[in-house]
Every structure is written in structure tokens, then in C-alpha cells.
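Reviewing the structure listed below.
Keep in mind that the numbers below use all heavy atoms, side chains included, and drop hydrogens, waters and symmetry copies. Note on naming: letters A, B, ... go to the chains in the order of the sequence lines (proteins, then strands), and numbering restarts at 1 for each one.
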Protein chains: 6
Amino acid sequence: MPYVNIKVTREGGPEGTGPSADQKAQLIAGVTGLLHDVLGKNPATTFVVIDEVPLEDWGIGGLPVQEHRAQAQ
Amino acid sequence: MPYVNIKVTREGGPEGTGPSADQKAQLIAGVTGLLHDVLGKNPATTFVVIDEVPLEDWGIGGLPVQEHRAQAQ
Amino acid sequence: MPYVNIKVTREGGPEGTGPSADQKAQLIAGVTGLLHDVLGKNPATTFVVIDEVPLEDWGIGGLPVQEHRAQAQ
Amino acid sequence: MPYVNIKVTREGGPEGTGPSADQKAQLIAGVTGLLHDVLGKNPATTFVVIDEVPLEDWGIGGLPVQEHRAQAQ
Amino acid sequence: MPYVNIKVTREGGPEGTGPSADQKAQLIAGVTGLLHDVLGKNPATTFVVIDEVPLEDWGIGGLPVQEHRAQAQ
Amino acid sequence: MPYVNIKVTREGGPEGTGPSADQKAQLIAGVTGLLHDVLGKNPATTFVVIDEVPLEDWGIGGLPVQEHRAQAQ
């Protein structure tokens, strides 16, 4: 009975405002299948929770994501 | 000094849009009391954080919650 | 289909080395029942994960727990 | 730059004591590839953290996992 | 390659609606620097994720934050 | 009343087996002070929980940490 939490920045997707419901469904199906294939886990008791994180709330390299990207260019 | 995180789908409640503030207060009181009763934990240093998760962000059985329910019927 | 994570310091319990299996079972039963009673959540799809955290890994008041307690006396 | 946390019960694997290092490597490769394929996420900044949870620390149906399985039979 | 998650109540900040983007940038810079100074961790692979939690979703002392503060006065 | 979770790989430190208790105390003091300085948060209600993650349980670039480092050289 695995529990998977996927955090991604809220961006991209068809409208640039984050993953679409369909893309999220692909993530849910994919990771549930992976846990079944690798460890034999039962999909019926596999939970997946996706969090979209606003860009200003995610840091890397000591900077918010957008500043980090601007600096990397 | 326990820390408890409760994740629930954003649905139900008096208006169908998720738990009410009063229901959340009941969860906070209940789990804090439970930790006191079972383990003797001090309520003054018991934190409870509740997350409401949009339905499209929660997967079970390899499907988003709503598709899973539709399929189960 | 709630997901609950309970973090407690690894101490106390019948042998002073953390909660017993029986105490953990009480936490699992209690919080699952609470979510059923307050929000009508189905126990069959309620997950509870308990983490025991070593004392040196938990801080409060800017100090590891044990130093904080020593100072509070 | 996704962050993925996978929690599984500590059981199974080649020795019955939990997933092997190789199985974990398969999970890491699989979920990183999934995020690249579905959302175009860069593997270089995709973190995956796996937690193995002792059976007595995982509850479902209001019971620790093993009691829940025993009862289901 | 540390991962840091900071949860704060959604309040305060320049407009009373939570930390500003600049304050979040200070948290990201500060904790990334701390991990570098204390443990030699590479900022390039240090992730920081900040969550703002609505007041009604945070409990302490068995009460939602605001009731707890009102009672403490 | 912030809650901070710091996850680091279990390595380094004075004996190569992970951060020492003293280093953890420095992380706790540092991040608690940071939250006080930037957001005015009260140290008395600031929790910090540190998790040491075994190397085989941490992935980056689609590989477990150690393979990733070996490949990067």
C-alpha cells in the first residue's frame, strides 16, 4: 500500500498554469503501474497525491526558481 | 511534541467544497486528545496541519479519485 | 481517502524506547475513527503512517528537544 | 524540478526485508522518466526520496497492516 | 542534496496576507546557506519548498491557531 | 508557529555516518533564528524535524545518489 507524493512547480501544461488534469492522470497511472511492476504493489491500495507549488515558493541554488533560471542564462 | 498532518480530498462539508472550519476544529481537537490519551503527549506542543487536496490531484487504483469512483459503480 | 502522518519523538512507551505496537494500533484506530465520525471518511481507504523521530533530530525553541527540556527546568 | 516521495511498507524484496537497492534504483529511474515524459521535467533536477515504513507503523482500515491482512482473509 | 520544507501560517508579511516574495527569497537563501555552512551541502542541489497554511488548517493546543491565541490572552 | 523538515543524505559528519548531534543542533538553531529574523516567528513554537536518508533511498538525475556521482566524474 504505497503512498506517493509528487511536488512540481505550478507552470507549464497546456495553458502555462500548471499540469492539466490529463497530465496528472498520466502521472497517477504511471507511478501506480511502476510500483506494481517493480514491487508487486496492489494498485487498489496505492495513493498518489500531487502538489503544485507556486514558483515563488520553490528555491534551488539559494534562489527562488525564476531568479535561479534568469541567473543561469 | 507531536506533529500531525492530515490530508483529505477537498469535497464534502456543509457546502460540498470541503470540510468546514468547525469540522477542522473537531479534527484538531480529536487527534490532539488522542495523542494525549494514548501517549501522554502535551497538547501545548502538539501541532496539527490539515491539507485539502483537489480531487484531480489525488489518485487511487491508478486513476484520479473521481474516475476511480465512476469506474467502481 | 485520507492520509494521516503522525510524527512523535522516539521515547516513552512501555520500555522507554518509543510507543509500543499496541499504542500505535490505538493511534491508528483512533484517528481513523475520528475521520469517519467527523467527515464520514471510509476507513477502508484511510492510511495512517507513524514516524518515530530520534530526540536529537527534533528541535523546538531553537534547541534539540532534550536541551530544551533541560533549560526549561 | 520535481520532488517525489515514495513511501512503501518494509517487506518483500529479495530477502523479505524490503525493496533491494536495485528495485529502488528502478523506482528512481521510472518515476524520473515519467516526469520527463509527461511534463518535460529535467531529470538533473528531479529528486526522489524513498521511505521504507515498518509494518507496525502503517495503518489501513483502522488497523495496523498485518492485522488488517489477517482479518481480510 | 538536501530537501527542506518550511510550513508557516498564511498571515503577516507586508499586507497581512502571508510572507512576501522577498521574505520567501530570504528564507530560501538563509536555509540554503545554513546547510552549506554547517554540512558543506552544495546549494546547486539544495531544494527549498515553502507552504503557506491557512489559519483554520493549523492547530496547536487542541485548537485552531486563532482560537488558541484568543484563549491565551 | 512554523514547522520545518530538513532531509539530508546520511553521510559526512565527523565519522562519515551522517551529521553529528552538534551539527544538527546548529541546523535547528540556525533555521529557527532565520524564521524569527525574517518573519518574526516565535522560536517557542517553531518545530524542526531532521531526517537522514540512506544513500540508496535518494535519487537524482534518475539514479541513486552514489551512481549519479560516479557517473558525473
Side-chain angles (χ1 to χ4, degrees), chain B residues 1-69 72, chain C residues 1-69 72:
Chain B
M1 62 208 64
Y3 170 80
V4 181
N5 179 229
I6 298 174
K7 291 187 199 295
V8 292
T9 42
R10 182 176 288 146
E11 64 184 323
E15 299 178 29
T17 55
S20 66
D22 180 61
Q23 288 175 320
K24 291 175 185 174
Q26 289 178 53
L27 293 179
I28 290 167
V31 75
T32 304
L34 180 70
L35 282 155
H36 179 262
D37 293 348
V38 177
L39 297 179
K41 298 294 183 183
N42 183 358
T45 49
T46 298
F47 280 10
V48 183
V49 172
I50 299 168
D51 291 318
E52 295 180 48
V53 178
L55 287 170
E56 71 178 36
D57 293 339
W58 197 301
I60 180 169
L63 293 170
V65 167
Q66 286 178 308
E67 288 182 46
H68 184 257
R69 288 177 185 159
Chain C
M1 60 209 64
Y3 170 80
V4 181
N5 179 229
I6 298 175
K7 290 187 199 295
V8 293
T9 42
R10 182 175 289 146
E11 63 183 325
E15 299 178 30
T17 56
S20 66
D22 181 62
Q23 289 175 318
K24 291 174 184 175
Q26 289 179 53
L27 293 179
I28 289 167
V31 74
T32 304
L34 180 70
L35 282 155
H36 179 262
D37 294 348
V38 176
L39 297 178
K41 298 294 183 184
N42 182 358
T45 48
T46 298
F47 280 11
V48 183
V49 173
I50 299 169
D51 292 317
E52 295 180 48
V53 179
L55 288 170
E56 71 178 36
D57 293 338
W58 197 300
I60 180 171
L63 293 169
V65 167
Q66 286 177 308
E67 289 183 45
H68 184 257
R69 287 177 184 160

So what's closer than 4.5 Å to chain B heavy atoms on Glu11(C): side chain, backbone, both or neither? side chain
When the 4.5 angstrom heavy-atom criterion is applied to Ser20(B) and chain C, the contacting part is neither
Shortest non-hydrogen contact from Glu52(C) toward Gly18(C): OE1-CA, 3.8 Å
Relative to chain C, which segment of Val65(B) carries a heavy atom at a distance below 4.5 Å: side chain, backbone, both, or neither? side chain
Go through the steps to decide whether Leu27(B) and Val48(B) satisfy the test side chain to side chain contact (heavy atoms under 4.5 Å, CB included), and finish with yes or no. CA-CA 9 Å; Leu27(B) 293 179; Val48(B) 183; 6.0 Å; no
Give the member of Thr45(C), Val49(C), Leu34(C) that has the highest number of heavy-atom pairs under 4.5 Å with chain B. Leu34(C)
Report yes if some heavy atom in the side chain of Thr46(B) is under 4.5 Å from a heavy atom in the side chain of Val31(B); otherwise report no. no
To the nearest 0.5 Å, how far apart are CE in Met1(C) and NZ in Lys7(B)? 15.0 Å
Ile60(C), part contacting chain B, at a heavy-atom distance under 4.5 Å: side chain
Quick check: do Pro19(B) and Gln26(B) have side-chain heavy atoms less than 4.5 Å from each other? no
Closest non-hydrogen atoms of Lys41(B) and Thr9(C), given as atom of the first, atom of the second and distance, are NZ-OG1, 3.3 Å
Counting heavy-atom pairs closer than 4.5 Å to chain C, which one of Ile6(B), Val38(B), Val8(B), Val4(B) comes out on top? Val38(B)
Is Lys24(C) close to chain B through its backbone or its side chain, or both, or neither, when contacts mean heavy atoms under 4.5 Å? neither
